[in-house]
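Working notes, structure below.
Chain letters run A, B, ... following the sequence lines, proteins first, then strands; residues in each count from 1.
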Amino acid sequence: MTPARPCDVYLEMKKRLEAHLRDVLKARFDLEVEAIPVEIPPDLQFGELATPIAFELARKLRKAPKMIAQEIVAVLGGLEGFAGFEVAGAGYINARLDRSAAVRTIASGEGQAAASGLHSLVEHTSINPNKAAHIGHLRNAILGDTFVRLLRASGQKVDVQNYIDNTGVQVADVVVGFLHVEKLTLTQIQNLVGAYNSGRRSDAEKLGAEYRISPVPRTFDYLCWDVYARVSQWYASGTEEEQKQRKDLRYATLHEIEHGGNETAHVAELISTAVLRRHLETMLRLGIEYDFLPRESEILHLRFWEAAFGLLKESGVLYFENEGKNKGCWVMTRPGAEVAEGAVDEDAKVIVRSNGTVTYVGKDIAYHLWKFGLLGRDFGYKPFFAYPSHECWISAEQGETEHPHFGGAQAIYNVIDSRQSDPQANVIQALRGMGHTEQADRYTHFSYEMVALTPRCAIDLGYDVAEEDRSRPYIEVSGRKGFGVKADDLIDKLIAATRAEVDARQTSRDEAERQRIAAQIAIGALRYFMLKYTRNSVIAFDFKDALSFEGETGPYIQYAVVRIRNIFRKGGTTAEAALAELAGLTELAESLAGAENEDIWALWLRAGRRSLVLEQSIATSEPAYLAKHAFQLAQEFNNFYHKHHILTEEDPARKTFLLATAAVALRELVTVLGWLGIESPEAM
RNA sequence: GCGCCCGUAGCUCAGCUGGAUAGAGCGACUGACUACGAAUCAGUAGGCCGGAGGUUCGAAUCCUUCCGGGCGCACCA
């Protein structure tokens, strides 16, 4: 069997050094050390790897760290792939790699991960299908989609799910909006959806005028955005009596939708399906695809809860409360709660209300039992949306007889914003309580902070910003108030901006090609923008930052790729050929030594770090690490590019080496950008 | 009141399970296009890492506490 990641010298060398140190410590000093710390030094002058192990051993051995380090170095001997070890500072042991050997390994590496055998399920996007997607949803989808790509790159089999809450209160609200505020009939709604779906804007406008809807936005999800804002306002306006009636109407509508099989439910289905289709189209513009769309309506109608309820009662996770404020409910103990023996847990989480209906967390427990294959029930499946390479399926009460199998995963990741960490913790707690500890351990709430608007951005967009909000660092987006930046608007704006730049530079390319390049750059800019921040940092959105194409941005990295491609184009050769030629060079050491080559060595080293960063990214669920890695790689290449002129190099061996350096940078940049869902344009 | 997150350069953010002189981008100021395209590069200025204690050979990182900000704590979803 071939090694999983032959090109990753860092990962390989780190493991080798750890193992060697462990052996030496055992054999020569009779020391068993659990974890040997091996780190990457802050500067290349300290070598490529280092360990502060001597500091840790100082107390135990009652000796100065520096002496211990010297003793260890004295017996380390030679290790394949390393040029030597030395003591530095107060007791660091620095390791220097055999640079030529490392370069050859990196150059030859394919970097393909072997299948890990792990089957994971990632749930992301999960937008309520009642309005257009906004920038907050983009962060979710881009984080989720990128993480899917990372898991797949590491060899996992991954199913991508987008959960659709098509029977919730948000859908009910827009149904109320269409039926009772806009006062449309089922037939009229059907006509409107049909006109929008056919793509003929003029038809939608004609109907809009006839039905007295104004303004008539360009797409159906945009219309819903407006209707949702109007109905929210409608609920809050009017007399007290009217408000009560409207609230009653809201919940009556919700219950009809949940129950199904009536006209209101039919309207809800019509609207939510049309909006869902728009969400898929929006996300596809960013290269985001799904495998399966489980819907709440099927979780209800296929009685997932019934099955889960039985299991929960059996395992004792749920108990019936006879006393206190939750009297008459089925409840569960919250994670971390400590309740005295015999006392009533007033703080318990209600799962089944005293009227017998189940709460959101209850339904979520059922759904997650299904995800792990522990429920004993399954959805029906129907094809819903065709991508060029595969079909996206949707849940159905009665599905096709032939269908792929979803669920039954070994590990799951839920990309859900941090405000939902309590309910997520409840679900995990329930799984653990049922004895599914392994599943509970492999349940990751992939949480992230919201995207908010800077006050300046909100004012620029024409929203009323209260005086007290103007001094705040950011203002939360609100679909209810219609307050936010719609995803498609942002994408359009980005494409227009990149198009202007492309037009200025690519005068000889035709219209279609320019548009394609502009889109690639715009999507690259957007995806990178959403990925450069770590998950628990609130993004205060501003067009100035998002529309920036300089510095730490997607286009900066793409530009490095284009530069490398230009070198090979002008040089009449290819990256593959350059790497093949490198193998024929007998002497590399000279090109890698000395201060004037330090930047080249740094670039090779960075190139040899991909799998290490991937591993860290997955372990911490932090795609930002890989985004940063891509940027640093591009930065180091640009550095190299300015310092060494490749095509005019006269020494043929040196030129081959420089070309190979560019080739490896290209290979790494394209690979890592691909993991981030960012395309590498041919020109820009 | 309880829980979670955050506070690092003028601004926006990195800083991995504690480790060597605290980094990047933007902005400001200097410079570099008859070069493989300057969406680039080089340089300068800019930091009691919110405050105070503690643990440690060593703390931006761990613990305690205080201050300042955000978000959760429903028989809503």
Show which side-chain atoms of residues 52-65 of chain A pair as donor or acceptor with protein atoms under 3.5 Å away, not counting sequence neighbours.
| from | atom 1 | to | atom 2 | distance (Å) |
| --- | --- | --- | --- | --- |
| A:K63 | NZ | A:E71 | OE1 | 3.2 |
| A:K63 | NZ | A:E71 | OE2 | 3.1 |

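Distance, A:L44 CG to B:U21 P: 17 Å, rounded to whole Å. The distance from atom CD1 of A:I521 to atom C1' of B:A39 is 8 Å, rounded to the nearest whole Å. Counting to the nearest Å, the P atom of B:U17 and the CG atom of A:L612 are 13 Å from each other. If you measure from atom CD of A:E636 to atom C1' of B:A42, you get 16 Å, rounded to the nearest angstrom. To the nearest angstrom, P of B:U40 lies 12 Å from CD1 of A:I557. Here B:U61 presents its P atom at 17 Å from CD of A:E39, a figure rounded to the nearest Å. Summarising the geometry, the separation between CG on A:L57 and C1' on B:C57 is reported as 13 Å, rounded to the nearest angstrom. Atoms CZ (A:R563) and P (B:C36) sit 12 Å apart, rounded to a whole Å.
Closest to the side chain of A:Y360, out of B:G37, B:U56, B:A77, is B:A77. Distance from the side chain of A:N638 is smallest to B:C41 among B:U21, B:C41, B:A20. The side chain of A:E296 sits closest to B:A77 out of B:C16, B:A42, B:A77. Set against B:A38, B:A42, B:C36, the side chain of A:Y559 has B:A38 as its closest nucleotide. Distances from the side chain of A:Y556 to the nucleotides B:C36, B:A20, B:U40 place B:U40 closest. When the nucleotides B:A77, B:U56, B:U21 are ranked by their closest atom to the side chain of A:Q420, B:A77 comes out on top.
A:A662 approaches A:I646 most closely through the heavy-atom pair CB-CD1, 4.2 Å.
Looking at heavy-atom distances under 4.0 Å, A:Y533 makes contact with sugar-phosphate atoms alone, never a base. Here A:V502 lies in heavy-atom contact (under 4.0 Å) with a base. Within the 4.0 angstrom heavy-atom criterion, no nucleotide atom of any strand lies near A:H629. Looking at heavy-atom distances under 4.0 Å, A:F549 makes contact with a base. Across all strands, A:Q45 comes closer than 4.0 Å to base atoms (heavy-atom distances). Heavy atoms of A:A50 sit under 4.0 angstrom from at least one base atom.
When side chains are defined from C-beta on, A:V477 does not count as touching A:V451, because their heavy atoms never get closer than 4.5 Å.
If you take atom P in B:C41 and the same atom in B:G50, they sit 30 Å apart, rounded to whole Å. Distance noted for atom C1' between B:C13 and B:C75: 43 Å (whole Å). A gap of 28 Å separates the C1' atoms of B:A52 and B:C16, to the nearest Å. Nucleotides B:A42 and B:C33, compared at atom P, are 16 Å apart to the nearest Å. Remark: the separation of the C1' atoms in B:G3 and B:U21 is 40 Å, to the nearest Å. Only the P atoms considered, B:C26 is 32 Å distant from B:G69, to the nearest whole Å.
Under the 6.0 Å cut-off for aromatic ring centres, A:F631 and A:Y556 qualify, their centroids lying closer than that. In this structure, A:F304 has its ring center no closer than 6.0 Å to that of A:Y367.
When base pairs are accepted only as Watson-Crick or G-U wobble with both N-N or N-O distances under 3.5 Å, RNA chain B takes part in stems of 3 or more pairs at B:1-7 with B:67-73, B:10-13 with B:23-26, B:28-32 with B:40-44, B:50-54 with B:62-66.
Pairs engaging residues 414-423 of chain A under the salt bridge (charged side-chain N to carboxylate O under 4.0 Å, His left out) rule: A:D417-A:R419, A:R419-A:E476 [sequence neighbours left out].
Geometrically, A:R535 engages A:F446 in a cation-pi contact defined by less than 6.0 Å to the ring centre and at most 45° from the axis. Cation-pi check for A:R609 over A:Y10 is met; the charged atom lies under 6.0 angstrom from the ring centroid and within 45 degrees of its normal.
The side chain of A:Y528 places no N or O atom within less than 4.0 Å of a non-bridging phosphate oxygen (OP1 or OP2) of B:A39. OP1 or OP2 of B:C5 has not a single side-chain nitrogen or oxygen of A:N536 nearer than 4.0 Å. In this structure, A:Y641 reaches the B:A38 phosphate: one of its side-chain N or O atoms is under 4.0 Å from OP1 or OP2.
Annotation: ring-ring contact (aromatic ring centres under 6.0 Å, His included) contacts of A:F46 (sequence neighbours excluded): none.
No donor-acceptor distance shorter than 3.5 angstrom exists from the side chain of A:N326 to the backbone of A:C329, with no hydrogens or angles considered.
Using cut-offs of 30° and 60° on the angle between ring planes, the pair A:F640 and A:H644 is tilted. Ring geometry, A:F529 versus A:Y533: the interplanar angle exceeds 60°, so the pair is classed perpendicular (tilted spans 30 to 60°).
Taking CG of A:L666 as the start and CG of A:L659 as the end, the distance is 11.5 Å to the nearest 0.5 Å. In this structure, CE on A:M684 lies 10.5 Å from CZ on A:R563, to the nearest 0.5 angstrom.
Glycosidic torsion of B:C33 falls within 90° of 0, placing the base in syn.
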Can you give me the N/O atom pairs linking the protein to nucleotides 67-75 of chain B at distances under 3.5 Å, or say none if there are none?
| from | atom 1 | to | atom 2 | distance (Å) |
| --- | --- | --- | --- | --- |
| B:G70 | O2' | A:Y474 | OH | 3.4 |
| B:G72 | O2' | A:D422 | OD2 | 3.2 |
| B:C75 | O3' | A:R353 | NE | 2.9 |
| B:C75 | O2 | A:S354 | N | 3.1 |
| B:C75 | O2 | A:S354 | OG | 2.9 |
| B:C75 | N3 | A:S354 | OG | 2.8 |
| B:C75 | N4 | A:K325 | O | 3.1 |
| B:C75 | N4 | A:K327 | O | 3.3 |

Please tabulate the protein-to-nucleotide N/O contacts below 3.5 Å involving nucleotides 24-27 of chain B, giving atom names and distances.
| from | atom 1 | to | atom 2 | distance (Å) |
| --- | --- | --- | --- | --- |
| B:A24 | O3' | A:Q635 | NE2 | 3.3 |
| B:G25 | OP1 | A:Q635 | NE2 | 3.2 |
| B:G25 | O2' | A:E552 | N | 3.4 |

